[in-house]
Amino acid sequence: MNVAIIRFPGTNCEFDTDYAFNLLGCKNSIVWHKKVSLPKNTDLVVIPGGFSYGDYLRSGAIARFSPIMQAVKEFAAKGGYVLGICNGFQILLESHLLPGAMKRNENLHFISKYQHLKVINCNNRFLSKLKKGDILNIPIAHAEGNYYIDDDGLKSLYDNEQVLLQYCDKDGNYENPNGSVNAIAGICNREKNVFGLMPHPERACEKILGSEDGIKMIEGFVN
């Protein structure tokens with residue numbers, strides 16, 4: 001499987017992402033944002049975490065105008081799979097590849113910790129190796145992870161099984177670390193080929209890191 005990992009000025013999770021997909025035997029390419037095309041035979045585009053353009057203006061608001069994003073949009077429009085992690089999720093929202101917007105955390109502080117998540121829908125490739133209701137333990141690290149969408153948009157997300165992950169405690173009870181609507185941690189588009197989440201599955205791929213739950217998420221793309 002060929003994975004294209006997009007790098008913007010300020011990206012800092014490209015090598016973690018590369019390492020995680022290497023564990024699954026993928027052939028990865030790190031693609032500079034000024035490129036105007038993706039590598040040939042790309043099967044999956046990953047926009048990793050970090051602070052693209054220093055998060056000036058809004059997180060992801062400048063990155064959306066980078067040349068490579070036109071190629072990413074065209075790839076997604078043809079049914080190609082795209083995954084955005086943390087800043088990557090914010091860039092997908094700013095690019096309108098996913099619905100909604102991201103605000104600063106409700107407490108206005110940067111949050112960095114392990115956080116439990118509940119699988120809400122697994123009727124998609126991203127979470128195809130998991131079951132509905134599974135509880136995962138994945139790190140979060142963000143200042144702007146407060147996902148927002150209006151009431152009509154939220155209803156549409158649920159009606160179309162686009163809400164994939166919600167924050168919870170270890171027993172699956174409601175817990176909301178950043179103020180996101182309905183404690184939403186991850187969504188997909190209506191066609192289920194573009195995915196975004198604030199937690200970092202690439203940081204939970206080996207026992208020595210404290211959790212292997214992340215590998216269960218990304219291996220859905222491989223098999």
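This chain uses plain numbering: 1 for the first residue, then up along the sequence.
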[X] (side chain) donor-acceptor with [Y] (main chain) under 3.5 angstrom:
X: Ser59; Y: Gln90; answer: no
X: Asp134; Y: Lys131; answer: yes
X: Gln115; Y: Cys168; answer: yes
X: Asn124; Y: Lys192; answer: no
X: Asn2; Y: Asp43; answer: no
X: Asn178; Y: Ser180; answer: yes
X: Asn87; Y: Ser52; answer: yes
X: Asn121; Y: Asn123; answer: no
X: Asn22; Y: Asp18; answer: yes
X: Asp55; Y: Phe51; answer: no

Determine, using the 4.5 Å side-chain heavy-atom cutoff (strictly less than), whether [X] and [Y] are members of one ILVMFWY cluster.
X: Leu83; Y: Phe15; result: yes
X: Phe126; Y: Leu23; result: yes
X: Met217; Y: Tyr19; result: yes
X: Ile91; Y: Tyr148; result: yes
X: Tyr167; Y: Phe110; result: no

For Leu130 and Leu136, what are the C-alpha separation, side-chain angles and deciding distance, and is it a side-chain contact (heavy atoms from CB on, under 4.5 Å)? CA-CA 10 Å; Leu130 294 161; Leu136 309 171; 3.9 Å; yes
Yes or no on side-chain contact (heavy atoms from CB on, under 4.5 Å) for Ser66 and Phe8, after CA distance, side-chain angles and deciding distance? CA-CA 8 Å; Ser66 282; Phe8 300 89; 3.6 Å; yes
Might you point out which heavy atoms bring [X] and [Y] nearest each other, and give the distance in Å?
X: Pro99; Y: Ile187; answer: O-CD1, 3.6 Å
X: Leu164; Y: Glu161; answer: CD2-O, 4.1 Å
X: Ala204; Y: Ile138; answer: CB-CD1, 4.0 Å
X: Gln162; Y: Asn189; answer: NE2-C, 3.3 Å
X: Cys26; Y: Val222; answer: SG-CG2, 3.8 Å
X: Gly145; Y: Met198; answer: CA-CE, 3.9 Å

Measure the shortest side-chain to side-chain distance between [X] and [Y] over non-hydrogen atoms and say whether it is less than 4.5 angstrom.
X: Ile85; Y: Pro48; value: no
X: Ile184; Y: Leu154; value: yes
X: Asn182; Y: Tyr147; value: no
X: Cys205; Y: Leu24; value: no
X: Leu38; Y: Ile6; value: yes
X: Val45; Y: Tyr81; value: no
X: Met69; Y: Ile47; value: yes
X: Ile135; Y: Lys170; value: no

Is it the case that His200 and Glu202 place a side-chain donor and acceptor less than 3.5 Å from each other?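 Yes.
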Under a plain distance cut-off of 3.5 Å, with no hydrogens placed, do Asn193 and Glu191 share a side-chain donor-acceptor pair?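 Not at all, the side chains of Glu191 and Asn193 share no donor-acceptor pair under 3.5 Å.
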[atom1] of [X]: more than 12 outside heavy atoms within 6.0 angstrom?
X: Tyr158; atom1: OH; value: yes
X: Glu106; atom1: CD; value: no
X: Tyr174; atom1: OH; value: yes
X: Lys35; atom1: NZ; value: no

Would you give the length of the straight line joining atom [atom1] of [X] to atom [atom2] of [Y], rounded to the nearest 0.5 angstrom?
X: His142; Y: Phe89; atom1: NE2; atom2: CZ; result: 10.5 Å
X: Leu92; Y: Leu197; atom1: CG; atom2: CG; result: 10.0 Å
X: Asp159; Y: Arg190; atom1: CG; atom2: CZ; result: 8.5 Å
X: Cys188; Y: Leu165; atom1: SG; atom2: CG; result: 10.0 Å
X: Leu57; Y: Glu94; atom1: CG; atom2: CD; result: 7.5 Å
X: Asn176; Y: Asn146; atom1: CG; atom2: CG; result: 7.5 Å

Could you check, using the six-membered ring where one of them is a Trp, whether His33 and Tyr53 have ring centers closer than 6.0 angstrom?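 Yes, close enough.
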Between Phe221 and Phe195, does the ring centroid distance fall short of 6.0 Å?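 Yes, close enough.
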Can Asn160 and Leu157 be said to form a side-chain contact (heavy atoms from CB on, under 4.5 Å), step by step? CA-CA 5 Å; Asn160 294 295; Leu157 286 181; over 6 Å; no
Would you sort out whether Leu97 and Val72 count as a side-chain contact (heavy atoms from CB on, under 4.5 Å), showing the intermediate values? CA-CA 10 Å; Leu97 285 167; Val72 173; 4.3 Å; yes
Could you tell me whether Lys129 and Glu219 have a side-chain N and a carboxylate O separated by less than 4.0 Å?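 Looking at Lys129 and Glu219, the cut-off is not met.
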Are Asp213 and Lys216 close enough for a salt bridge, meaning some N to O gap below 4.0 Å?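 Yes, Asp213 and Lys216 are salt-bridged.
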